[in-house]
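Every chain is numbered from 1, with letters handed out A, B, ... down the list of sequences.
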Amino acid sequence: PDCYVPAAGVETIIKYERREGPYRIALVNGHTGIPWREQMIKSVKAWAARPEQARDIAELKVISTGSDVAAQIAAIDNFIQAGYDAIAFIAVNPTAFGAVIKRAERAGAVLVSFDNPVDSEKVLRITPEWTTFEGEIKTQSVVDQMKQPKGKVLEVRGIQGNSTDRDRHVGLERVLANYPDIEVIEVVGNWDTGTVQKVTADAIAVHGQFDAFICQHGCRGVTNAMEATGHPIVPVGGDAENGFVKALAARNIPGISVSTSPGQGPVAIRAAIALLQGEALPATVNLPTPNVKTADMNPNVNYFPDEPDTFETVTGYGSCGKDMVFTPDELNAKSAGNN
Amino acid sequence: MTAVFARLPFDVPTRSIVMAAALLLLVGGWQYPQFFSPPYLAQQLQSGAFLGIVAAGAMVVILLGHIDLSVPWTMTAAATVATAVVGLTPEVLVSEKGVLAGLAVGAAVGAVNGFGVAYLRIPSMIWTLATNNVLMGILVYFSGFYALSSRPSPLMSMLGSGRMFSIPNVVFVWVAVSLILLFILRSTTLGRRIYMVGTHEPAAYLSGVNSRGVLVAGFVIAGICSAMAGMLLAGYAGQSYQRMGDTYLLPGIAAVVLGGTSLFGGRGNYSGTVAGVMLLTLMASILSIMQAPEAAKQIVYGVVVITMVGFYSLRERYS
Amino acid sequence: MIIRTLRAHMRPLTAWAVLAFLIVYYLSIHPRGLSIGVLTAWSNQGTALALLAVGQTIVVLSRGIDLSIGPIMALTNCMASHLVNGGPVEVAIGMILVIATGAACGLLNGLVIVIGRMQAIIATLATGTIFSGIALIIRPIPGGDISEGLSDFFSGDFGGLVPMSLIVILGAIAAWYPIRKSVLGRTIVAVGSSESAAYASGLRVKRAKIGAYVLAGVFASLSGLFVGFQTLSGDPSIGLSYTLNSIAAVVIGGTALTGGAGSIAGSIAGALILRTIGNLLFFNDIEPLAQPLFEGLVLLVAVSFGAARLLRMTSRMEAFQ
Amino acid sequence: MPPPMQYLESAREGALIDAAPLLQLTGIGKSYGGVVALRDVDFDARRGSIHAVLGENGAGKSTLMKILAGVVRPTDGAISLDGEAYSPTSPADAARSGIVCIFQELSVIPDLSVAANICLADPPRTRLGLIDRKRQAQMARDVLWEMGVGQDIDVSRLCRQLPLSKRQIVEIAKAVIRRPKVLILDEATSALTASDVKPVTDLLRRLRDEGTLILFISHRMHEIEALADVCSIFRNGTHVETYPTGSRSSDEIVQLMLGRSLTQVYPPKYQVHATTEPNLSVKGLRWNGKLKGIDLQVMPGEIVGLGGLDGQGQQEILQAIAGILRGVGGTICMHGTPLRARGPGDGISGDRRFALVPEDRKYGGLFLPLSIRANLTAPVMDTFARFGIISRKAEAGTVARMIEQLQIRAENLDHPVETLSGGNQQKVVIAKWLATKPSLLLLIDPTRGIDIGTKQEIYRLLRRLAEEGLAIMIYTTDYDELVGLCDRALIIYDGCVRAELAGDDLSEHNILKNALNLGEAPHSREAQQ
Ligand SMILES: Nc1ncnc2c1ncn2[C@@H]1O[C@H](COP(=O)(O)OP(=O)(O)OP(=O)(O)O)[C@@H](O)[C@H]1O
Ligand SMILES: Nc1ncnc2c1ncn2[C@@H]1O[C@H](COP(=O)(O)OP(=O)(O)OP(=O)(O)O)[C@@H](O)[C@H]1O
Ligand SMILES: [Mg+2]
Ligand SMILES: [Mg+2]
């Protein structure tokens, strides 16, 4: 389908020999205890449970291995050994999977990596284009919503050492390079609301006022800090957690919410099935980047007053097909149920 | 300089830290004049208060000669349960049941920690690690809570993010917790017994102290402190979120030790812990304002802890 | 005599028995059953932790603790991703440098603890953050390159019979036993058993303590190298969970955190038990969201076995040991 | 009384001057903060002699020995060994110069075997540099046989598993195997049982005859008289006098040690009224194969001693009563009703109060770094607390009474209890338990390592308490004490009461006879002294 946009400069095509379904498919998640990941797992299960998909799937196995890359490698090895047809995973460390990829190749298992993709052309990689995500879309929109493109901007970064953080930072720098009158102050928020709030409040205490905020994840912390310190309303760019979007809408803060949806999970599984059915896909696929400005926000579309603040408002990639849309109720129904 | 140093009240660690913190403020203030602005100082106190409440609990456990590694998920669990209960009972005042529920979670976790350490005799470092993992497991599994609201109660919001006379309310909570703890440690039989059990538990048993009870009480106090910090943090952030406690565990322990409390138990003053919290908080925000890269922050952090703690252990040795 | 020996090694033997049971159970539910591939995947996963647990045990035997062991592993792993690649000579020099770095980190720990007279927990907590910081400097984000030949060698198997990683573990045991029988090893145990007695007996307490941390650093660097072979890259953030798990492995393996008594072999069993439990989840139908809970409960139960001694207790004073 | 200096002079003129001193101390001083432990000490000792060092608790004996052993650096003065300046930096360093010290606090390594402990400092190695376990075991056995205790100790056992007295033997063996020029025993015989004393004294004499200088600290006067060639008396951190053994009467010695005279060590005994109901009665007490059916009774007003060889179950009897042991069979009644204590805490309140003064004050009796005040009030703080809040005033009153009652010499009650000397520390332990007003007092070796003056105070106190109606049961390794202090003594052998001695039957001779189970093997050799 048209949502599998090949990444710029990537020519490689991935194609496997067609096999007969239904397939045994595994999903190997890394970190546990992160709402985004939980919602991702729920979306995958919700998607796989629908009758149209259930036909193709003989077995869906989901595993979370935690932050230990050795455990994740072993999990994938185990599924390869056990003869699963396809394994989708979010890499804990993008560079660690060279050896596994070789073993998968030998055993004929299809690997699909997404969200935090591996640094290898040999497996299918599905991911947002992070530099565009943070740069052309988020940063540009924030700058456009500023009164004039000058002054101080606070950049709230994510976990240091993570490749996503690196790419996002590059995206921001690329855009702001065009605005010499904008001074950027960087702080590290670790993608978690409390830390984001603390470092933002600290920065406000020291620098007085900012003319805009650009934040990666946990951005409710920025709006909270603004409110707590009585900071004037200025544009804020952030991701798409319900709490943040609610805050933008409720206090009419100009800004933008850009989403990396947990719907990446079902997209990846669908791609894996497509590969098993013999379809060809570009080696690196960039997902569309849903986003919405404050002016265009609507309740129960862009934010959900009845859902918790950690809910990811963009439940799926609608542009990738009707089957990629999930209602909150459908996801919640999946929460604690068994496989 | 040294003369002034010697004349300050408090013990050596407290004095050293206060000096170090003053030095930090001076140097920082010279670079960034905003350092002396009341909003900045208030902001530091606010950040410090969360850590301070965690450290208060950590100190009790450390005085007992143990350690509590379950802080991160105790905080998260208390905050999650509290906000979930608020979601179920949104009526004003009734929703404050959430606060009680959160405190109960903290006390229960503390009791389980204390049970394993005191009755099963499992080393606390490993038992509390296990309870921390179980708590995380429970929260991840039942993120059915997730379907509930994660809104804090009015009390939590008021205390966590409100201000009075432009001083953050959390600071008042911290002061109250500190006063209560100081009173417990100095003037109650429980406080005495905490020091005794921490000094040498067999001697405490042979002196007729119910050492198991004291251990459980200590862990319960710590659990309640963690729970309070978690709920206040939820009040501050306007929501509960997973991993909210991760950044408080090691700094909490470091603050206590920087304050001169011995990890072997039985020795330490609460004033030192307060000073330790201030120093760590100041250091963290100054580094963050200086835009120091993460690597530099970590290195500075480690060097400061080694220098300070090494300084007083050597000073104690050779004076 | 044999009974006495068995009794003296009760706790590590129990750990090995539990491990044997888990392995058999794991193989019995694995769709592929016993095969060299399955065995290799299993032992590869546990080896890094096992090596780390060996280092941690040595420190614990001296009644210390090394909370920087994970960061040392991360740091040496990152160094390896710069140094252990290229031609054979380069690789060899690289490995020597990596191990020397581990030893140097351990030496720093030992010196801070002995000369600075600091408690091990706080000293290594602090040095650990320093090592993590350095790791972040030399490798800001995961990546780098590690000799593929070595990787294939160490994460493969030996003649299709034994996983190489198991041989690595046996090598670690073989390397420790002569040390344990040396004066240094005995002094480490003596210091852990009673530091004041060791000092009063004229033993070189400081040297032994420093030695224990240096050895721990060396084993941590071996662990960092092994992770490198497994992942072909360096990652500065792998430390923390490894530190805590190494302590858990030591305890499950029957070494008392109060020092003096314990064994390397027990800790290795402890490490492999922890990893095998993770593996067991794969083919049991456990809800993914329940996995962390399950793992937590298993750890809780595993450490609770330590309480069994209380049942045999004939004097209430024994509880305090 | 002539001034001390004259004694010193006369000693110098005596037979001792024939050889140059091996060890010579001049002007040694040591202070810990404000406390002066040693002041301007001059002290000589010669090769081939057993030189006893006597003094009250806190006189500075241990500090002096620690200086010689390199543990403590003196603040003033100089030492010469064999004519050369000597200032050791550690016990290892001292040992290299030939000075080995057995410290007052045991220094065996619990988790190493007896053999490993004995060969700890310089183990035999294989060609690869590893420790040769076989030769090590052989060397250890050889030393133990040389000491005459070879049959008693299995060298492959862990020291943790040995009773205290055997650990002390290991400690001595560990020092002897190094063949030191100077061997220091700081109360190293205090935990030895009567049967172990003989081989050790024989060994020390042999070493002396081979030319070793033995510095010997003990509070057991009869040991010193039997063993020492020369005695030096210390008081209050100063060296008072040195004299050849036998040249002073014991009254003189006591006077020199205390600076005053001591009339009678043991207070007179009183008649107990046999009509009263027993305070404590124990029937058929069994535990873990170590106690095999013990029956005993203690009347109010009575002091009952438990005697016998060390490790026959005496301590366990007291621990069983206090509820420390688990799985105890038989009945224990106080005032006629069964007592099912789960530890000393159960004796603090209620109408059946008992108190246990434990064996090792450093391990079980005191919180060394905590204040004297906190230590004194540990078991009773609830009595002056309301809702768990301590009333400082009530506490101060109680503490003052305790200090007064036991004559505890403490400078500042807020200082750590570890700054007190051994004897005063022991008084703190007793005082804190008396404060609970027990009607049954159980004591385990309460006068171990305590000087004669303090001992006498403790004996008087115990007698006075008995007169006030307390029932007292005391386990002691000192037979003299059993005879002098107790109204009745139960001699325990192998977990059974071997004999009950009272009145004129209560003599050292009878005690020893029964302790050795009527001269049967294996301990018959030692019986004939
Ligand atoms: N009196 C003592 N009793 C028991 N242990 C001690 C004593 N003094 C020191 N130690 C322990 O022995 C270790 C080393 O001893 P210490 O520091 O005294 O050596 P040192 O005299 O400083 O040696 P150096 O001359 O090399 O500096 C310390 O870790 C300390 O814990
Ligand atoms: N660590 C210390 N701090 C302060 N004072 C001390 C310390 N150690 C000993 N002292 C003081 O020094 C004096 C001598 O102590 P030392 O232990 O040498 O006496 P001692 O003759 O061995 O007595 P005892 O027979 O009771 O062991 C005592 O009065 C004691 O109070
Ligand atoms: Mg002494
Ligand atoms: Mg002494």
Side-chain angles (χ1 to χ4, degrees), chain C residues 1-5 7-9 60-63 114 174-208 254-256 258-263 309-321, chain D residues 66 69-71 90-96 100-112 116-117 119-123 125-126 128-133 136 154 156-160 171 174-175 178 287-290 316 319-320 322-328 342-344 358 363-364:
Chain C
M1 188 65 201
I2 292 173
I3 290 176
R4 213 165 85 194
T5 317
R7 189 170 300 161
H9 300 284
V60 168
L61 276 177
S62 78
R63 199 169 196 164
V114 167
W176 163 247
Y177 274 90
I179 303 177
R180 175 145 196 180
K181 288 196 171 181
S182 70
V183 172
L184 173 67
R186 168 169 296 176
T187 311
I188 288 174
V189 174
V191 170
S193 184
S194 167
E195 183 174 337
S196 59
Y199 175 76
S201 307
L203 294 185
R204 303 194 173 249
V205 172
K206 291 180 182 177
R207 212 183 271 187
T255 299
T258 45
S263 83
R309 75 187 171 95
L310 296 180
L311 301 174
R312 296 191 304 272
M313 195 170 74
T314 55
S315 164
R316 295 185 213 280
M317 299 298 290
E318 283 168 37
F320 305 118
Q321 280 161 14
Chain D
K66 283 183 183 162
V71 177
S90 69
D93 187 34
R96 277 192 290 278
V100 173
C101 181
I102 301 167
F103 294 97
Q104 196 168 358
E105 304 79 22
L106 286 183
S107 58
V108 294
I109 312 287
D111 290 305
L112 291 181
N117 263 291
C119 299
L120 196 57
D122 187 18
R125 325 265 166 104
T126 61
L128 296 173
L130 303 185
I131 292 170
D132 185 339
R133 304 263 291 269
Q136 168 182 280
D154 173 359
S156 67
R157 293 193 66 111
L158 294 188
C159 280
R160 184 183 285 295
E171 182 77 47
K174 190 171 127 197
R178 306 171 84 168
W287 175 75
N288 201 28
K290 216 152 176 212
E316 286 78 4
Q319 289 180 340
I324 291 172
L325 302 184
R326 278 177 36 161
V328 172
R342 293 174 55 83
Y363 180 76

Enquirer: By side chain to side chain contact (heavy atoms under 4.5 Å, CB included), which residues pair with C:Ser315, not counting sequence neighbours?
Expert: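 Testing C:Ser315 for side chain to side chain contact (heavy atoms under 4.5 Å, CB included), a comparison that skips the adjacent residues, returns C:Met317, C:Glu318, D:Ile324, D:Leu325.
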Enquirer: Any side-chain heavy-atom pair from D:Pro123 and C:Val183 closer than 4.5 angstrom?
Expert: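 Yes - at least one pair of side-chain heavy atoms lies under 4.5 Å apart.
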Enquirer: Among C:Gly185, C:Gly202, C:Ala198, which residue forms the greatest number of heavy-atom pairs with chain D at distances under 4.5 Å?
Expert: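 The candidate making the most pairs under 4.5 Å is C:Gly202.
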Enquirer: Please classify the contact of D:Ala116 with chain C as side chain, backbone, both or neither, using a heavy-atom distance under 4.5 Å.
Expert: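 Interface part for D:Ala116: both.
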Enquirer: With chain C, which of D:Gly129, D:Ala92, D:Gly364 has the greatest number of heavy-atom pairs at distances under 4.5 Å?
Expert: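 Most heavy-atom pairs within the cutoff with chain C belong to D:Ala92.
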Enquirer: Say you draw a straight line from CD1 of D:Ile109 to OG of C:Ser201; how long is it, rounded to the nearest 0.5 Å?
Expert: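 OG of C:Ser201 is found 5.0 Å from CD1 of D:Ile109.
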Enquirer: Would a 4.5 Å heavy-atom cut-off, applied to side chains only, mark D:Leu120 and C:Arg186 as touching?
Expert: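 Contact flag for D:Leu120/C:Arg186 side chains = yes.
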Enquirer: In terms of heavy-atom contacts, does CZ of C:Arg180 have more than 12 from other residues, nucleotides or ligands at under 6.0 Å?
Expert: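 More than 12 heavy atoms, drawn from other residues, nucleotides or ligands, come within 6.0 Å of this atom.
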Enquirer: Where the side chain of C:Arg316 meets the backbone of D:Arg342, is there a donor-acceptor pair that is under 3.5 Å apart?
Expert: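 Present.
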Enquirer: Look up atom CG in C:Leu310 and atom CZ in D:Arg326, then write down how far apart they are to the nearest 0.5 Å.
Expert: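 Interatomic distance, C:Leu310 CG to D:Arg326 CZ, rounded to 0.5 Å: 7.0 Å.
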Enquirer: With sequence neighbours left out, write down each residue that passes side chain to side chain contact (heavy atoms under 4.5 Å, CB included) with D:Ala121, or none if nothing qualifies.
Expert: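 Expected list: D:Arg178.
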Enquirer: How far does CZ of D:Arg160 sit from OG of C:Ser194, to the nearest 0.5 angstrom?
Expert: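 One gets 9.5 Å once the value is rounded to the nearest 0.5 Å.
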Enquirer: If I compare all heavy atoms of D:Pro91 with all of C:Tyr199, which pair ends up nearest, and what's the gap?
Expert: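 In terms of heavy atoms, the two residues are closest at CG-O, 3.5 Å.
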